[in-house]
Each structure stands twice: as C-alpha cells, then as structure tokens.
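First the proteins, then the strands, lettered A, B, ... as listed; each starts at 1. Source: prediction; values computed, not measured.
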Number of protein chains: 2
Amino acid sequence: MATIGDVAKAAGVSRSTVSYALSGKRAISGETRERIEEAIRELGFTPNAGARALATSQTKVIGLLVQFFRDEFSPAMLQYVLPISDAAREAGYDILMVTEDDGPRALKRITDSDMVDGVVLLNVAEHDARVPLLRGARQPGALVGMPHDTEGLDVFDLDFGEAARMLVDHLHELGHREIVLISPNEHVITRGGAYVWRFRNAALERGARYGLRMHSYYGESQQPAITEAWNRILDERPTATAVIVHNDAMIAALPPVLNARGVEVPRDLSVVGIFSEDFGRLFSLPYTAIETSPDKLGRAAVQALVQRMRDGEGAAAPVVRFIAPELTDRGSTR
Amino acid sequence: MATIGDVAKAAGVSRSTVSYALSGKRAISGETRERIEEAIRELGFTPNAGARALATSQTKVIGLLVQFFRDEFSPAMLQYVLPISDAAREAGYDILMVTEDDGPRALKRITDSDMVDGVVLLNVAEHDARVPLLRGARQPGALVGMPHDTEGLDVFDLDFGEAARMLVDHLHELGHREIVLISPNEHVITRGGAYVWRFRNAALERGARYGLRMHSYYGESQQPAITEAWNRILDERPTATAVIVHNDAMIAALPPVLNARGVEVPRDLSVVGIFSEDFGRLFSLPYTAIETSPDKLGRAAVQALVQRMRDGEGAAAPVVRFIAPELTDRGSTR
DNA sequence: CTGAAAGCGCTTACAG
DNA sequence: CTGAAAGCGCTTACAG
C-alpha cells in the first residue's frame, strides 16, 4: 500500500506538506495542492488508520456495547443499534460493536487499549457493572437506560414514569375502573432493569389516586409460556375492562390470543401498550401505545458523546435527559 | 496511560523484554517475568491497539458490512450479526460494524485505511458492487449470500434450490396437486437477491416434473399490503391445498389471516415455509419449515475468514459452500 | 508557503 | 536469557 511518503515523493514535496494538504490545517499553494491530489489519486492513497490514531490519539471509532440477553425478546435491539450507527457515521465515526456476554470485561478491553474514542452503553441496568468502569475510563461515554447512580455521566432514557401516568390517565378518562397491568418478565427486574418498576410503580400509584382497581402481573418472554400467561390472566380478571402492556413479547402475541377467545378490541377490552412504531409495524399491532423512540434515544446518546469527545476536558456538565413520551392513538380503547 | 516504557522502567528491564513477556515469543526467566507481571498489574497497563496495529500490520478487527434495506423486514438481520460477533470474539477479533447505505464506499474506506484484517459481507446480491472491491482489497473476505461471480472468494449460503425441492417433495408425497408459492417482495429480485429465483425456479421445476399445478406469487413486505395480498391470493386459488412461503414478512402475518378466514392448518390448508428456528419462535409460527441456519452460515464465514487471515498468502483455495437444508416438521401439513 | 525532525507506542530482527 | 535500535505510517511543533 502506498504511504504518505510515496505520495510526497511522487508529488515532489515533503511528507508534512502532504499531511497538511490532507488535513487542511495550513495553507498550500494551488499548484502544490494539485500535484499532491494527483499523486494521491494515482497511487490510490488512503491514510493508515492505526498510524493516524497513534499520532493523533484519536481513533474516530465509537464503541457500542450491546449487552444482549439471549433469552430475552430480541428484535427491539436493532432499533437502537441502527440509528446509533447512522448517527455515528454522520459525525465521522465508525462503530466497534461488542456483544460479549461479559460486558464489563469487553468495556475494559476496548477502552484500556484505546481502540475507541468513546463508548455508548445500551440497555443499562440499575446496578450496571459497566458503569463504574466507564467512569474510570479515559474515554467519555453515553448511556441509553438509567442506572442508579448517574453521577458524571450522560444518560438518556424514556420517561417511563410519565409514560405510565399518561396511559392510566387515558384509560381513567374513558371511564375504566379495573385495569390489568403486564410488566416484563420477572428476571428483567432481577437483572436490574429499573424501567420495569419505574413504569409499574407510577402506574399503580396513579391508579390508586383515581381509586382504580389495578391488577399487576409479570409477563413471560418465550412461547408457549406467553400464551398460557395471557389466558391465565384474562381468566383470572374477567371484570377488568382494560389492559396496559409493558412487555414486547406479550403484546406481540396478544392478537391471536384475543382472537381465539373471541375478544374484540376495543369493544370487549381496551388495550394500550408501550412500544416503538417500528415494533408495532413489525407485528402489525393495532394498539394505542406510548412510542419508545429508540431512534431518538440512540441519536441523542451519540450526539452527546460526539460533543464530549470534541470538547475534551473543557466539556459541559453531564446531562440526564428523559425523552418525553408520546401517545399514538390507534383506536384500541374506548 | 501507562506505556510499555513505563512498565519496563518499573520492572527494571528493557521494553523489548516486556513485549516478549507479553507475546510469549521468547523465553523469559521466571524472576524477570514476575517483576514484569507485577509492574503491569500495578500500572494497569494494556497495550495500545493502534501502536500494535502499526507495528504488526494486524488490527485484530473484522469488518462486518450489513447492507441494510430499510423498507425490508428487519428482524432476521440480527440472527446473522450475533453469531458472527460471537465467533469473531472467540477467535480474538473485534467487530467493526458498518451499516452505511453506500456499502461499496464503506468497504473501500475500512479496507484502504487498514482498519480491519478481514471482512464479512452480509446479504450479498447477485451483482453486488462490494464484491469486485473486495477482490481488489488487501484483506481477505467471506460472503454470506451468493453473488453471480464467486471467483476467488469464500462464499457461504443455504442451498435454496435443494430447500425448494425438499418442500415440494414433502407436499407431493402427501398427495397435494395444487400449490401456491409465495416469494419475497418483487424488489428483492430487482436488487439482485439471487436466492429468490434459485428457490422459486427449483420449486417450479420440481412441481412441473410431478405434474403439479403451481401458482407463483411475489409477496409484500409491509402491512397492510401483506394482509391484503394474502386475502387476494387465497381468494384467487380456492382449490389449492398447500402453500409454500418463502417470505418472512408474509409468513409472520399468516396466522391471523387464516384465523380470520376460518382456515385451519393443516385440516383445510397445508403450510410450509423457510425460516430460522429463532424466527419461528419469535412469531410463534406453527409451520413446518426449512431451517435457514443463520448461525451456521455466520460462523462458517467467520471461521473461513479467520483461517485465511492466519494463513496469509499461502492460504488454501477459496471455497463455495452450501449449507444443507434441514426440514423441521411442525405438523402443519397432511 | 514549505521542509526536516521528533514523537506517538508498539514489535522484532540483530547482537551479545 | 536480555538489551539497544530500527521501523511501522502518520502528525505537528519548530524553523525558515
């Protein structure tokens, strides 16, 4: 492969001049610039990324840690990954994607070895072992999902409490008095998915304030347990007139369950959920729902991270930002 | 950050000795080794990846080009990406994942700048602009999906022709005489997804040999067109007793359609498909199907690539490998 | 407007 | 068993 030295020789200039022509960091005479550009073209020169990284202490790569739970419902993950990848590219960064089960180890590896200029943590848990490591890293990071201790970090998450209140308000206004609430699978809480109880508690609290009868259940994440759970719950609460579903796997499987039971929405039952537009389209879900906006979250995280990488030490104070929930009415309530 | 020089100083040895202790490429006395290890621990030293890459001409990173069509049905992609990422990590490689719309440009960028030691191309099309670029690259590559010209490349794909024949044989043996065949959305062909007509032609040919009446349709990839297409097709072919579905979006949406029409499987209609086990589980699909084995394909591609990166110039001849289809009987035919 | 030189942090022949 | 030195391919003060 051609090096900057080859280009310099071909253009009859020094290596530094070629470098400056590339970076535009100092003025180059028109004629010299042309000779250099021609040489670059002829030789098919592209700067070596490793050498550049070594010289500049910048890799132009963002690490993306995707913490994947294999027994969980997966299709949602891609909705975060793609916008992050897109946003990174727009800012001139590539993505080093790490899916290792041992997230903390992976994080340490890519930051300690300076493979990346910054890091995005996906699916952050209440007590996430990656978070303290990130604090200790040289590189800045941005989180999608809220940990217990947000000190010193840029954090982005949906406002799950507000989302729950909006859904309860919506049903309350329509006159519902007895509501079933489905949370994610119980082991999601065990793992510290704080959004589970943030949503759940807010919903129950709001329901209590209105004097509603609320029935709270954990859902399942795998068939055939999902369908069984639905039937058991619906059998158990025949007088409930509405259901709030905060569980991707459960709501994706709901239409055939209701169909089989002869339940028509919203005539016999009002259904609301919380899932992204893409997800709803994927499963053709006809339910009114809070939009989870994975693209907004992912993009916001990347933008904050890019800003911070740019600013270095003199960066602004860290932000914890809740994305405001939006209700998309698909007519599944009355 | 501590450098190898800091470690050398702390351990009272030369930098080369530290380097050799790290790589194990030459014998080190026990006592020296211990002093070095202690220094490494104390200083929290990790070699700088860029410097190492520059010195060794090896990045230990594999580029993954995921060619994403945004209007297509997405959840299948992750099934390839995860096994590839896992297999790479097991072999000591990280994944630089590129999702740029302009795949050829992205490929050129990461190979020319030597960001990666090798490349995996996903979702390769019949005339894929990335393929000639890959041939011209310094780094080896492996393809998942078959291009027209496989010259000089390691290629992995499902044997779609054989898959189609197996399904037709299966239905023929059961006595079916009139079969509907659903292919992917027409624009997948336009883009050169060769597997579409490899499957389709093989199915039609086999059906013709048996004297079956075969009705071939292109499917849709988005709701509500999917449901409309199903109803139109089923209305049009009331005497067909079986349907072969080679379209993820269409088969995922089939259960509610049949339900609404009062069609029971396999009593009224036999249904077979071609999709991965994970995909079937995700959508709770109760249909007999050819397993597409994305994990096997992804892993095979990575293994071949790793082998080739290891062997350098003296590598073995390139291979084109078809994965043998396997039929999973879920009792949806009779 | 341009060049010579030092330096980024490693690895690896070469020498002893 | 160990060290001194060259080299990987860039960037960037320093000098003119």
How many angstroms lie between atom [atom1] of [X] and atom [atom2] of [Y], to the nearest 0.5 angstrom?
X	Y	atom1	atom2	value
B:M77	A:L82	CE	CG	8.5 Å
B:D102	A:R89	CG	CZ	10.5 Å
A:R130	A:K108	CZ	NZ	15.5 Å

Nearest-Å distance, [atom1] ([X]) to [atom2] ([N])?
X	N	atom1	atom2	answer
A:R52	C:dG7	CZ	C1'	17 Å
B:N48	C:dG9	CG	P	7 Å
B:R138	D:dG9	CZ	P	10 Å
A:D6	D:dC8	CG	P	11 Å
A:Q58	D:dT11	CD	P	11 Å
B:D114	D:dC8	CG	C1'	11 Å

Looking at DNA chain D, which of residues 31-45 of chain A put a heavy atom within less than 4.0 Å of it?
A:F45
Atom pairs under 3.5 Å, N or O on each side, protein against nucleotides 12-16 of chain D: can you list them with distances?
residue: D:dT12; atom: OP1; partner: A:K25; partner atom: NZ; Å: 3.3
residue: D:dT12; atom: OP2; partner: A:K25; partner atom: NZ; Å: 3.1
residue: D:dA13; atom: N7; partner: A:Y20; partner atom: OH; Å: 3.1
residue: D:dA13; atom: N6; partner: A:Y20; partner atom: OH; Å: 3.3

Would you say A:S14 places a side-chain N or O within less than 4.0 Å of OP1 or OP2 belonging to C:dG3?
yes
ring-ring contact (aromatic ring centres under 6.0 Å, His included) contacts in which one or both residues fall within residues 110-153 of chain B, not counting sequence neighbours
B:H127-B:H148
Scan residues 31-59 of chain B for pairs that pass ring-ring contact (aromatic ring centres under 6.0 Å, His included), counting only residues two or more places apart or in two chains.
none
Carboxylate-amine/guanidinium contact [X] [Y], below 4.0 Å:
X	Y	answer
B:D157	B:R321	no
A:E38	A:R33	no
B:E100	B:R109	yes

Check: A:R52 and A:K60 side chains under 4.5 Å, non-hydrogen atoms
no
4.5 Å side-chain heavy-atom contact, B:V155 and B:V144:
no
In dot-bracket form, 5' to 3', how is DNA chain D paired? Count Watson-Crick and G-U wobble pairs only if both distances fall under 3.5 Å, and write | where the partner sits on another strand.
|||.||||||||.|||
Mapping A:L54 and B:I28 to their closest nucleotides on DNA chain D, which lands nearer the 5' end?
B:I28
Quick one: list whatever passes salt bridge (charged side-chain N to carboxylate O under 4.0 Å, His left out) with B:R35, sequence neighbours left out.
B:E31
